[in-house]
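For reference, the structure is listed below as C-alpha coordinates.
Sequence lines set the chain letters: A, B, ... in the order given, protein chains first and strands last, and positions in each chain run from 1.
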Amino acid sequence: MVYTQRTPWTLIMGVIMVAYAYLVQSGALEVVIKYLGTGRHAGEMLTLGYTFGGIAILIGLWQLIAKAAEGHVDYYLSTIGGVIFIMLVAFIVKWGLDPQMAQWGRAAQPALGFNFASVMNLNYVVMGIVAGIVIVNVFKVPGWAENGVRLSRLGLKTGVILLGALYSFAELQQLGKLSIVLIGIFVLGSVGLVLWWGSRHNLPNSMTGVLSAGVGVCGVSAAVAAAPVVQAKSTEIAYTIGTILLFGVICMFLFPIVGKALGMGYITFGAWAGTGILNSAQVAGAALAFQPTGIETLKVAEIFNITRVLFLPIIVIWLAIWYVKREVGAQKVDVGQVLVSKFPVFVLGFILMFLLSSTGIFAPARHYQGSYFDNSDKVMIRKDRSGKEINNYLKDPDLEVLKKDAAKITRDDQKTALQRLIENKKLMSIEDDDTLRGVVNAKILSKEGNAVLTKAHRAVRHTAAKIAMFRDLIAWFFTFGLIGLGMQITMASIKQAGGQPLVIGSVVGVIKAVGSLIVVLLLVHETI
Amino acid sequence: DRHEDSVALILALVIALLVYLFV
(Lines give C-alpha, C1' and ligand atoms only; values in the text may rest on other atoms or scores of the structure.)
Protein backbone atom coordinates (compact mmCIF):
# COMPACT_ATOMS: atom_id res chain seq x y z
CA MET A 1 0.00 0.00 0.00
CA VAL A 2 0.98 3.63 -0.35
CA TYR A 3 1.68 5.35 2.94
CA THR A 4 1.98 8.97 1.87
CA GLN A 5 -1.29 10.83 2.17
CA ARG A 6 -1.76 13.75 -0.17
CA THR A 7 -2.07 16.83 2.00
CA PRO A 8 -1.24 20.52 1.65
CA TRP A 9 -0.44 20.72 5.37
CA THR A 10 3.23 19.75 5.15
CA LEU A 11 3.78 22.61 2.71
CA ILE A 12 1.74 25.05 4.83
CA MET A 13 3.66 24.18 8.01
CA GLY A 14 6.94 24.60 6.14
CA VAL A 15 5.91 28.08 5.01
CA ILE A 16 4.92 28.99 8.58
CA MET A 17 8.32 27.84 9.91
CA VAL A 18 10.32 29.72 7.29
CA ALA A 19 8.16 32.82 7.77
CA TYR A 20 8.75 32.66 11.53
CA ALA A 21 12.52 32.36 11.08
CA TYR A 22 12.45 35.27 8.63
CA LEU A 23 10.48 37.44 11.06
CA VAL A 24 13.00 36.66 13.81
CA GLN A 25 15.89 37.46 11.49
CA SER A 26 14.40 40.75 10.31
CA GLY A 27 13.78 41.86 13.89
CA ALA A 28 10.00 42.12 13.45
CA LEU A 29 9.46 39.87 16.47
CA GLU A 30 11.90 41.68 18.72
CA VAL A 31 9.14 42.88 21.05
CA VAL A 32 7.83 39.34 21.57
CA ILE A 33 11.31 37.87 22.07
CA LYS A 34 12.17 40.60 24.53
CA TYR A 35 8.94 40.03 26.47
CA LEU A 36 9.51 36.28 26.70
CA GLY A 37 13.23 36.65 27.32
CA THR A 38 14.07 34.11 24.60
CA GLY A 39 16.86 36.16 23.03
CA ARG A 40 19.39 33.40 23.69
CA HIS A 41 17.32 31.05 21.53
CA ALA A 42 17.37 33.40 18.53
CA GLY A 43 20.21 31.45 16.90
CA GLU A 44 18.41 28.12 17.07
CA MET A 45 15.15 29.74 15.94
CA LEU A 46 16.87 30.67 12.68
CA THR A 47 18.72 27.38 12.21
CA LEU A 48 15.80 25.11 13.06
CA GLY A 49 13.15 27.30 11.44
CA TYR A 50 14.94 27.49 8.10
CA THR A 51 16.11 23.85 8.15
CA PHE A 52 12.83 22.16 9.02
CA GLY A 53 10.78 24.74 7.14
CA GLY A 54 12.91 24.23 4.03
CA ILE A 55 12.64 20.44 4.22
CA ALA A 56 8.87 20.68 4.71
CA ILE A 57 8.41 22.99 1.72
CA LEU A 58 10.49 20.77 -0.59
CA ILE A 59 8.94 17.46 0.47
CA GLY A 60 5.46 18.97 0.79
CA LEU A 61 5.58 20.33 -2.76
CA TRP A 62 6.94 17.07 -4.12
CA GLN A 63 4.26 15.01 -2.37
CA LEU A 64 1.56 17.28 -3.80
CA ILE A 65 2.85 17.11 -7.36
CA ALA A 66 4.28 13.62 -7.75
CA LYS A 67 2.22 10.47 -7.41
CA ALA A 68 3.61 8.28 -4.66
CA ALA A 69 4.54 4.74 -5.68
CA GLU A 70 4.81 1.82 -3.28
CA GLY A 71 8.26 1.21 -1.87
CA HIS A 72 10.88 2.33 0.58
CA VAL A 73 10.92 5.96 -0.56
CA ASP A 74 7.18 6.28 -0.04
CA TYR A 75 7.27 4.49 3.32
CA TYR A 76 10.06 6.51 4.91
CA LEU A 77 9.07 9.86 3.38
CA SER A 78 5.53 9.41 4.68
CA THR A 79 6.96 10.21 8.12
CA ILE A 80 7.97 13.74 7.13
CA GLY A 81 4.49 15.23 7.61
CA GLY A 82 4.29 13.94 11.18
CA VAL A 83 7.86 14.96 12.00
CA ILE A 84 7.19 18.52 10.84
CA PHE A 85 3.91 18.54 12.77
CA ILE A 86 5.68 17.52 16.00
CA MET A 87 8.48 20.04 15.40
CA LEU A 88 5.94 22.83 14.95
CA VAL A 89 4.37 21.90 18.30
CA ALA A 90 7.89 21.70 19.79
CA PHE A 91 8.66 25.23 18.56
CA ILE A 92 5.49 26.51 20.23
CA VAL A 93 6.24 24.68 23.49
CA LYS A 94 9.92 25.57 23.71
CA TRP A 95 9.91 29.16 22.46
CA GLY A 96 6.42 30.13 23.62
CA LEU A 97 4.78 28.11 26.38
CA ASP A 98 7.93 27.32 28.37
CA PRO A 99 9.19 30.93 28.73
CA GLN A 100 5.62 32.22 29.16
CA MET A 101 5.01 29.78 32.01
CA ALA A 102 8.31 30.78 33.63
CA GLN A 103 7.19 34.43 33.40
CA TRP A 104 3.88 33.67 35.09
CA GLY A 105 5.67 31.63 37.75
CA ARG A 106 7.92 34.57 38.60
CA ALA A 107 5.03 37.05 38.47
CA ALA A 108 2.91 35.00 40.89
CA GLN A 109 5.77 34.36 43.30
CA PRO A 110 5.09 37.31 45.65
CA ALA A 111 1.41 36.37 45.93
CA LEU A 112 1.89 32.60 46.31
CA GLY A 113 5.17 32.65 48.21
CA PHE A 114 6.70 30.14 45.79
CA ASN A 115 7.36 29.91 42.07
CA PHE A 116 4.69 27.50 40.83
CA ALA A 117 6.35 27.04 37.43
CA SER A 118 9.59 25.66 38.87
CA VAL A 119 7.89 23.88 41.78
CA MET A 120 5.49 22.01 39.53
CA ASN A 121 8.35 21.47 37.10
CA LEU A 122 6.29 23.04 34.33
CA ASN A 123 9.15 23.06 31.86
CA TYR A 124 9.22 22.01 28.22
CA VAL A 125 9.53 18.30 29.12
CA VAL A 126 6.26 18.14 31.01
CA MET A 127 4.50 20.63 28.75
CA GLY A 128 5.58 18.66 25.67
CA ILE A 129 3.84 15.54 26.96
CA VAL A 130 0.79 17.55 28.01
CA ALA A 131 0.65 19.23 24.58
CA GLY A 132 0.71 15.81 22.92
CA ILE A 133 -2.03 14.47 25.22
CA VAL A 134 -4.22 17.52 24.56
CA ILE A 135 -3.75 17.24 20.79
CA VAL A 136 -4.66 13.56 20.61
CA ASN A 137 -7.63 13.77 22.99
CA VAL A 138 -9.12 17.10 21.97
CA PHE A 139 -8.25 17.40 18.28
CA LYS A 140 -7.05 13.94 17.18
CA VAL A 141 -3.75 13.43 15.36
CA PRO A 142 -4.32 13.99 11.63
CA GLY A 143 -3.96 10.89 9.44
CA TRP A 144 -1.07 12.30 7.42
CA ALA A 145 0.94 12.74 10.63
CA GLU A 146 0.47 9.26 12.07
CA ASN A 147 3.54 7.64 10.56
CA GLY A 148 5.77 10.48 11.74
CA VAL A 149 4.53 10.14 15.32
CA ARG A 150 5.90 6.59 15.24
CA LEU A 151 9.38 8.11 15.00
CA SER A 152 9.10 9.70 18.46
CA ARG A 153 10.70 6.76 20.24
CA LEU A 154 13.69 6.98 17.89
CA GLY A 155 14.11 10.62 18.97
CA LEU A 156 13.97 9.62 22.62
CA LYS A 157 16.58 6.89 22.17
CA THR A 158 18.94 9.22 20.30
CA GLY A 159 18.55 11.74 23.12
CA VAL A 160 19.42 9.11 25.73
CA ILE A 161 22.57 8.08 23.83
CA LEU A 162 23.71 11.71 23.61
CA LEU A 163 22.96 12.11 27.33
CA GLY A 164 26.04 9.96 27.97
CA ALA A 165 28.24 12.80 26.73
CA LEU A 166 27.29 14.98 29.71
CA TYR A 167 28.93 12.65 32.21
CA SER A 168 32.60 11.87 32.75
CA PHE A 169 34.71 9.73 35.07
CA ALA A 170 36.44 12.84 36.41
CA GLU A 171 33.33 14.15 38.09
CA LEU A 172 32.64 10.76 39.62
CA GLN A 173 35.95 11.07 41.46
CA GLN A 174 35.02 14.43 42.97
CA LEU A 175 32.10 13.04 44.90
CA GLY A 176 32.35 12.23 48.57
CA LYS A 177 32.41 8.59 49.63
CA LEU A 178 29.55 9.13 52.05
CA SER A 179 27.20 10.50 49.42
CA ILE A 180 27.96 7.53 47.17
CA VAL A 181 27.23 4.98 49.91
CA LEU A 182 24.07 6.71 51.10
CA ILE A 183 22.67 7.26 47.65
CA GLY A 184 23.69 3.79 46.53
CA ILE A 185 21.69 2.19 49.32
CA PHE A 186 18.60 4.27 48.68
CA VAL A 187 18.62 4.33 44.90
CA LEU A 188 19.28 0.64 44.49
CA GLY A 189 17.02 -0.16 47.45
CA SER A 190 14.02 1.71 46.09
CA VAL A 191 14.52 0.34 42.58
CA GLY A 192 14.66 -3.17 44.04
CA LEU A 193 11.58 -2.53 46.18
CA VAL A 194 9.49 -1.34 43.23
CA LEU A 195 10.62 -4.24 41.04
CA TRP A 196 9.74 -6.76 43.76
CA TRP A 197 6.39 -5.17 44.55
CA GLY A 198 5.40 -4.71 40.92
CA SER A 199 6.08 -8.32 40.07
CA ARG A 200 4.13 -9.51 43.14
CA HIS A 201 1.09 -7.50 42.10
CA ASN A 202 1.38 -8.63 38.50
CA LEU A 203 1.84 -5.16 37.08
CA PRO A 204 3.16 -5.26 33.51
CA ASN A 205 6.96 -5.54 33.49
CA SER A 206 7.28 -2.36 31.46
CA MET A 207 5.24 -0.34 33.97
CA THR A 208 7.22 -1.69 36.92
CA GLY A 209 10.52 -1.01 35.18
CA VAL A 210 9.86 2.59 34.29
CA LEU A 211 8.33 3.33 37.71
CA SER A 212 11.35 1.88 39.51
CA ALA A 213 13.76 4.10 37.58
CA GLY A 214 11.60 7.16 38.18
CA VAL A 215 11.20 6.59 41.91
CA GLY A 216 14.74 5.32 42.40
CA VAL A 217 16.93 7.76 40.53
CA CYS A 218 15.88 11.28 39.83
CA GLY A 219 12.42 11.50 38.55
CA VAL A 220 11.45 12.59 35.12
CA SER A 221 14.66 12.22 33.14
CA ALA A 222 15.34 8.80 34.62
CA ALA A 223 11.87 7.61 33.71
CA VAL A 224 12.37 8.88 30.17
CA ALA A 225 15.77 7.21 29.88
CA ALA A 226 14.54 3.89 31.26
CA ALA A 227 11.34 3.79 29.21
CA PRO A 228 12.76 2.34 25.98
CA VAL A 229 14.86 -0.16 27.96
CA VAL A 230 11.76 -1.90 29.28
CA GLN A 231 9.65 -1.09 26.20
CA ALA A 232 7.31 1.04 28.28
CA LYS A 233 4.07 2.29 26.80
CA SER A 234 3.55 6.05 26.63
CA THR A 235 0.79 5.89 29.23
CA GLU A 236 3.14 4.22 31.68
CA ILE A 237 5.70 6.99 31.25
CA ALA A 238 3.03 9.63 31.79
CA TYR A 239 1.86 7.82 34.92
CA THR A 240 5.36 7.62 36.35
CA ILE A 241 6.04 11.29 35.69
CA GLY A 242 2.69 12.23 37.24
CA THR A 243 3.47 10.21 40.36
CA ILE A 244 6.94 11.71 40.69
CA LEU A 245 5.84 15.31 40.28
CA LEU A 246 2.84 15.01 42.59
CA PHE A 247 4.97 13.35 45.23
CA GLY A 248 7.83 15.80 44.74
CA VAL A 249 5.63 18.85 45.22
CA ILE A 250 4.30 17.46 48.51
CA CYS A 251 7.86 16.65 49.65
CA MET A 252 9.06 20.11 48.78
CA PHE A 253 6.67 21.69 51.25
CA LEU A 254 6.91 19.04 53.97
CA PHE A 255 10.70 18.53 54.07
CA PRO A 256 11.65 22.07 55.21
CA ILE A 257 8.88 22.01 57.85
CA VAL A 258 10.06 18.65 59.26
CA GLY A 259 13.70 19.76 59.03
CA LYS A 260 13.01 22.92 61.04
CA ALA A 261 10.92 21.00 63.58
CA LEU A 262 13.77 18.53 64.17
CA GLY A 263 16.34 21.33 64.32
CA MET A 264 18.45 19.80 61.54
CA GLY A 265 21.69 21.46 60.43
CA TYR A 266 22.46 22.59 56.90
CA ILE A 267 24.46 19.53 55.92
CA THR A 268 22.09 17.03 57.51
CA PHE A 269 19.12 18.61 55.80
CA GLY A 270 20.92 18.86 52.47
CA ALA A 271 21.81 15.17 52.63
CA TRP A 272 18.23 14.26 53.49
CA ALA A 273 16.64 16.38 50.76
CA GLY A 274 19.15 15.14 48.18
CA THR A 275 18.36 11.54 49.05
CA GLY A 276 14.64 11.63 49.77
CA ILE A 277 13.16 13.98 47.17
CA LEU A 278 12.75 12.61 43.69
CA ASN A 279 13.29 15.51 41.36
CA SER A 280 16.27 17.81 40.95
CA ALA A 281 14.27 21.04 40.74
CA GLN A 282 12.35 20.12 43.86
CA VAL A 283 15.52 19.21 45.76
CA ALA A 284 16.85 22.68 45.01
CA GLY A 285 13.52 24.20 46.01
CA ALA A 286 13.46 22.43 49.37
CA ALA A 287 17.10 23.31 50.11
CA LEU A 288 16.51 26.98 49.34
CA ALA A 289 13.30 27.01 51.39
CA PHE A 290 15.26 25.57 54.33
CA GLN A 291 18.11 28.07 54.02
CA PRO A 292 17.14 31.08 51.89
CA THR A 293 20.16 33.18 52.90
CA GLY A 294 23.08 31.00 51.80
CA ILE A 295 24.01 28.08 49.62
CA GLU A 296 25.52 25.58 52.06
CA THR A 297 22.36 23.45 52.12
CA LEU A 298 21.90 23.76 48.39
CA LYS A 299 25.48 22.67 47.70
CA VAL A 300 25.19 19.55 49.85
CA ALA A 301 21.82 18.71 48.33
CA GLU A 302 23.32 19.20 44.87
CA ILE A 303 26.21 16.84 45.63
CA PHE A 304 23.72 14.16 46.62
CA ASN A 305 21.59 15.01 43.64
CA ILE A 306 24.50 14.60 41.24
CA THR A 307 25.48 11.31 42.83
CA ARG A 308 21.96 10.06 42.34
CA VAL A 309 21.86 11.02 38.68
CA LEU A 310 25.19 9.27 38.16
CA PHE A 311 23.56 6.02 39.24
CA LEU A 312 21.39 6.23 36.15
CA PRO A 313 23.75 4.21 33.91
CA ILE A 314 23.88 1.42 36.51
CA ILE A 315 20.09 1.38 36.81
CA VAL A 316 19.65 1.33 33.05
CA ILE A 317 21.90 -1.72 32.72
CA TRP A 318 20.21 -3.43 35.68
CA LEU A 319 16.76 -2.81 34.19
CA ALA A 320 17.86 -4.08 30.79
CA ILE A 321 19.03 -7.37 32.30
CA TRP A 322 15.97 -7.62 34.60
CA TYR A 323 13.56 -6.99 31.75
CA VAL A 324 15.11 -9.53 29.42
CA LYS A 325 15.04 -12.16 32.17
CA ARG A 326 11.42 -11.40 33.13
CA GLU A 327 10.19 -11.43 29.56
CA VAL A 328 11.76 -14.78 28.89
CA GLY A 329 10.03 -16.01 32.02
CA ALA A 330 10.60 -19.33 33.67
CA GLN A 331 11.55 -21.16 30.50
CA LYS A 332 14.84 -22.99 30.60
CA VAL A 333 17.05 -20.75 28.51
CA ASP A 334 20.65 -19.72 28.40
CA VAL A 335 20.45 -16.29 30.08
CA GLY A 336 23.74 -15.14 28.60
CA GLN A 337 22.61 -15.94 25.10
CA VAL A 338 19.27 -14.19 25.57
CA LEU A 339 21.02 -11.11 26.97
CA VAL A 340 23.25 -10.84 23.92
CA SER A 341 20.33 -11.16 21.54
CA LYS A 342 17.93 -8.89 23.47
CA PHE A 343 20.13 -6.30 25.23
CA PRO A 344 19.19 -2.80 24.03
CA VAL A 345 21.87 -1.49 21.67
CA PHE A 346 21.15 2.13 22.55
CA VAL A 347 22.18 1.49 26.18
CA LEU A 348 25.57 0.47 24.80
CA GLY A 349 25.49 3.75 22.86
CA PHE A 350 24.93 5.66 26.11
CA ILE A 351 27.95 3.93 27.67
CA LEU A 352 30.04 4.56 24.55
CA MET A 353 29.27 8.30 24.68
CA PHE A 354 30.11 8.33 28.41
CA LEU A 355 33.50 6.76 27.65
CA LEU A 356 34.13 9.20 24.79
CA SER A 357 33.28 12.12 27.07
CA SER A 358 35.61 10.76 29.76
CA THR A 359 38.56 10.99 27.39
CA GLY A 360 38.11 14.76 27.47
CA ILE A 361 37.49 15.29 23.76
CA PHE A 362 34.35 17.37 24.39
CA ALA A 363 35.46 19.41 27.41
CA PRO A 364 38.37 19.78 29.86
CA ALA A 365 38.57 16.65 31.98
CA ARG A 366 37.50 18.30 35.24
CA HIS A 367 34.15 19.53 34.03
CA TYR A 368 30.79 19.12 35.64
CA GLN A 369 28.09 19.02 32.97
CA GLY A 370 30.20 21.26 30.80
CA SER A 371 31.11 23.91 33.36
CA TYR A 372 34.72 24.22 34.52
CA PHE A 373 37.03 26.55 36.46
CA ASP A 374 39.96 28.24 34.75
CA ASN A 375 41.69 31.43 35.93
CA SER A 376 44.89 31.21 33.88
CA ASP A 377 45.98 34.25 31.89
CA LYS A 378 45.04 32.47 28.69
CA VAL A 379 41.37 33.02 29.50
CA MET A 380 41.67 36.10 31.72
CA ILE A 381 43.26 38.19 28.98
CA ARG A 382 42.23 37.35 25.45
CA LYS A 383 41.38 39.04 22.21
CA ASP A 384 37.87 39.27 20.85
CA ARG A 385 37.03 38.75 17.19
CA SER A 386 38.09 42.22 16.07
CA GLY A 387 41.44 41.75 17.83
CA LYS A 388 40.61 44.07 20.72
CA GLU A 389 42.01 42.90 24.03
CA ILE A 390 39.56 41.83 26.75
CA ASN A 391 40.94 41.92 30.27
CA ASN A 392 38.85 40.04 32.83
CA TYR A 393 40.86 41.04 35.90
CA LEU A 394 38.94 43.26 38.33
CA LYS A 395 39.61 46.97 37.75
CA ASP A 396 40.52 49.53 40.41
CA PRO A 397 36.97 50.93 40.80
CA ASP A 398 35.74 47.33 41.30
CA LEU A 399 38.31 46.78 44.04
CA GLU A 400 37.32 50.05 45.75
CA VAL A 401 33.70 48.85 45.93
CA LEU A 402 34.81 45.56 47.50
CA LYS A 403 37.11 47.25 50.02
CA LYS A 404 34.26 49.53 51.07
CA ASP A 405 31.92 46.55 51.50
CA ALA A 406 34.44 44.26 53.21
CA ALA A 407 33.45 45.39 56.70
CA LYS A 408 29.96 43.93 56.24
CA ILE A 409 31.30 40.37 56.15
CA THR A 410 31.52 38.63 59.50
CA ARG A 411 32.48 35.02 58.73
CA ASP A 412 36.23 34.34 58.69
CA ASP A 413 36.30 32.06 55.64
CA GLN A 414 34.35 34.63 53.64
CA LYS A 415 36.66 37.41 54.84
CA THR A 416 39.84 35.65 53.73
CA ALA A 417 38.31 34.66 50.38
CA LEU A 418 37.35 38.28 49.71
CA GLN A 419 40.81 39.46 50.80
CA ARG A 420 42.45 37.02 48.37
CA LEU A 421 40.18 38.24 45.56
CA ILE A 422 41.14 41.88 46.24
CA GLU A 423 44.88 41.06 46.34
CA ASN A 424 44.91 38.98 43.15
CA LYS A 425 42.15 40.81 41.23
CA LYS A 426 40.78 37.39 40.30
CA LEU A 427 39.38 34.31 42.06
CA MET A 428 42.21 31.94 42.94
CA SER A 429 40.41 28.63 43.53
CA ILE A 430 37.14 26.77 43.15
CA GLU A 431 36.74 26.92 46.95
CA ASP A 432 37.03 30.73 46.98
CA ASP A 433 34.57 30.89 44.12
CA ASP A 434 32.05 28.78 46.04
CA THR A 435 32.53 30.74 49.27
CA LEU A 436 31.91 34.06 47.56
CA ARG A 437 28.90 32.66 45.68
CA GLY A 438 27.45 32.14 49.15
CA VAL A 439 28.12 35.81 49.97
CA VAL A 440 26.28 36.87 46.81
CA ASN A 441 23.27 34.67 47.55
CA ALA A 442 23.05 35.89 51.13
CA LYS A 443 22.90 39.49 49.81
CA ILE A 444 25.36 40.69 52.48
CA LEU A 445 27.09 43.28 50.32
CA SER A 446 25.71 46.32 48.54
CA LYS A 447 24.21 45.89 45.10
CA GLU A 448 27.42 47.17 43.47
CA GLY A 449 29.52 44.79 45.58
CA ASN A 450 27.43 41.84 44.47
CA ALA A 451 27.78 42.88 40.84
CA VAL A 452 31.57 42.89 41.19
CA LEU A 453 31.58 39.43 42.79
CA THR A 454 29.36 38.09 40.02
CA LYS A 455 31.71 39.59 37.43
CA ALA A 456 34.68 37.86 39.10
CA HIS A 457 32.75 34.58 39.13
CA ARG A 458 31.93 34.81 35.42
CA ALA A 459 35.56 35.51 34.56
CA VAL A 460 36.73 32.13 35.88
CA ARG A 461 33.71 29.92 35.15
CA HIS A 462 33.51 28.68 31.60
CA THR A 463 31.12 26.51 29.72
CA ALA A 464 32.49 24.05 27.23
CA ALA A 465 30.81 24.91 23.93
CA LYS A 466 30.59 21.28 22.79
CA ILE A 467 28.83 20.17 25.98
CA ALA A 468 26.47 23.14 25.78
CA MET A 469 25.66 22.05 22.23
CA PHE A 470 24.97 18.49 23.39
CA ARG A 471 22.62 19.83 26.08
CA ASP A 472 20.65 21.80 23.49
CA LEU A 473 20.46 18.83 21.14
CA ILE A 474 19.35 16.48 23.91
CA ALA A 475 16.65 18.95 24.92
CA TRP A 476 15.32 19.00 21.35
CA PHE A 477 15.39 15.23 20.94
CA PHE A 478 13.56 14.80 24.26
CA THR A 479 11.01 17.46 23.36
CA PHE A 480 10.38 15.80 20.01
CA GLY A 481 10.14 12.33 21.54
CA LEU A 482 7.89 13.35 24.40
CA ILE A 483 5.41 15.32 22.28
CA GLY A 484 5.16 12.27 20.03
CA LEU A 485 4.70 10.02 23.06
CA GLY A 486 2.01 12.33 24.40
CA MET A 487 0.19 11.94 21.10
CA GLN A 488 -0.08 8.21 21.79
CA ILE A 489 -1.78 8.66 25.18
CA THR A 490 -5.53 8.48 24.87
CA MET A 491 -8.00 8.67 27.73
CA ALA A 492 -8.86 5.02 27.15
CA SER A 493 -5.24 3.96 27.67
CA ILE A 494 -5.04 5.90 30.94
CA LYS A 495 -8.14 4.14 32.29
CA GLN A 496 -6.64 0.82 31.28
CA ALA A 497 -3.52 1.38 33.39
CA GLY A 498 -5.56 1.92 36.56
CA GLY A 499 -4.50 3.56 39.80
CA GLN A 500 -2.08 0.95 41.07
CA PRO A 501 1.15 2.57 39.79
CA LEU A 502 0.23 5.73 41.69
CA VAL A 503 -0.19 3.75 44.92
CA ILE A 504 3.07 1.80 44.58
CA GLY A 505 5.03 4.91 43.60
CA SER A 506 3.71 6.90 46.55
CA VAL A 507 4.27 4.15 49.12
CA VAL A 508 7.86 3.56 47.99
CA GLY A 509 8.38 7.33 47.95
CA VAL A 510 7.21 7.61 51.57
CA ILE A 511 9.39 4.67 52.65
CA LYS A 512 12.37 6.33 51.00
CA ALA A 513 11.71 9.73 52.59
CA VAL A 514 11.33 8.30 56.10
CA GLY A 515 14.13 5.77 55.69
CA SER A 516 16.60 8.35 54.45
CA LEU A 517 15.62 10.69 57.32
CA ILE A 518 16.49 8.02 59.89
CA VAL A 519 19.75 7.03 58.19
CA VAL A 520 20.85 10.64 57.68
CA LEU A 521 20.18 11.49 61.32
CA LEU A 522 22.25 8.49 62.39
CA LEU A 523 25.16 8.82 59.95
CA VAL A 524 25.57 12.40 58.81
CA HIS A 525 27.12 14.97 61.09
CA GLU A 526 27.83 18.54 60.18
CA THR A 527 30.95 17.54 58.30
CA ILE A 528 31.35 15.54 55.14
CA ASP B 1 13.71 -2.79 18.15
CA ARG B 2 17.26 -3.73 17.23
CA HIS B 3 16.80 -1.93 13.95
CA GLU B 4 15.48 1.19 15.71
CA ASP B 5 18.33 1.09 18.25
CA SER B 6 20.91 0.85 15.49
CA VAL B 7 19.42 3.82 13.65
CA ALA B 8 19.45 5.83 16.91
CA LEU B 9 23.07 4.85 17.55
CA ILE B 10 24.24 5.82 14.07
CA LEU B 11 22.31 9.09 14.27
CA ALA B 12 23.86 9.91 17.67
CA LEU B 13 27.39 9.07 16.51
CA VAL B 14 27.03 11.21 13.38
CA ILE B 15 25.78 14.10 15.54
CA ALA B 16 28.66 13.63 18.00
CA LEU B 17 31.14 13.69 15.12
CA LEU B 18 29.61 16.89 13.72
CA VAL B 19 29.71 18.54 17.16
CA TYR B 20 33.32 17.42 17.63
CA LEU B 21 34.37 18.81 14.26
CA PHE B 22 32.40 22.04 14.03
CA VAL B 23 31.54 23.37 17.50
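- Contact record, B:Val19 with A:Lys466: O-CE, 3.8 Å, taken as the closest heavy-atom pair.
- In this structure the side chain of A:Leu352 reaches within 4.5 angstrom of the side chain of B:Leu13, judged on heavy atoms.
- Between A:Ile161 atom CD1 and B:Leu9 atom CG the span is 5.0 Å, to the nearest 0.5 Å.
- Under the ring-ring contact (aromatic ring centres under 6.0 Å, His included) criterion, A:Phe85 pairs with A:Trp144, sequence neighbours left out.
- Residues meeting the side chain to side chain contact (heavy atoms under 4.5 Å, CB included) test with A:Met45, sequence neighbours left out: A:Tyr20, A:Val24, A:Ile33, A:Thr38, A:His41, A:Trp95.
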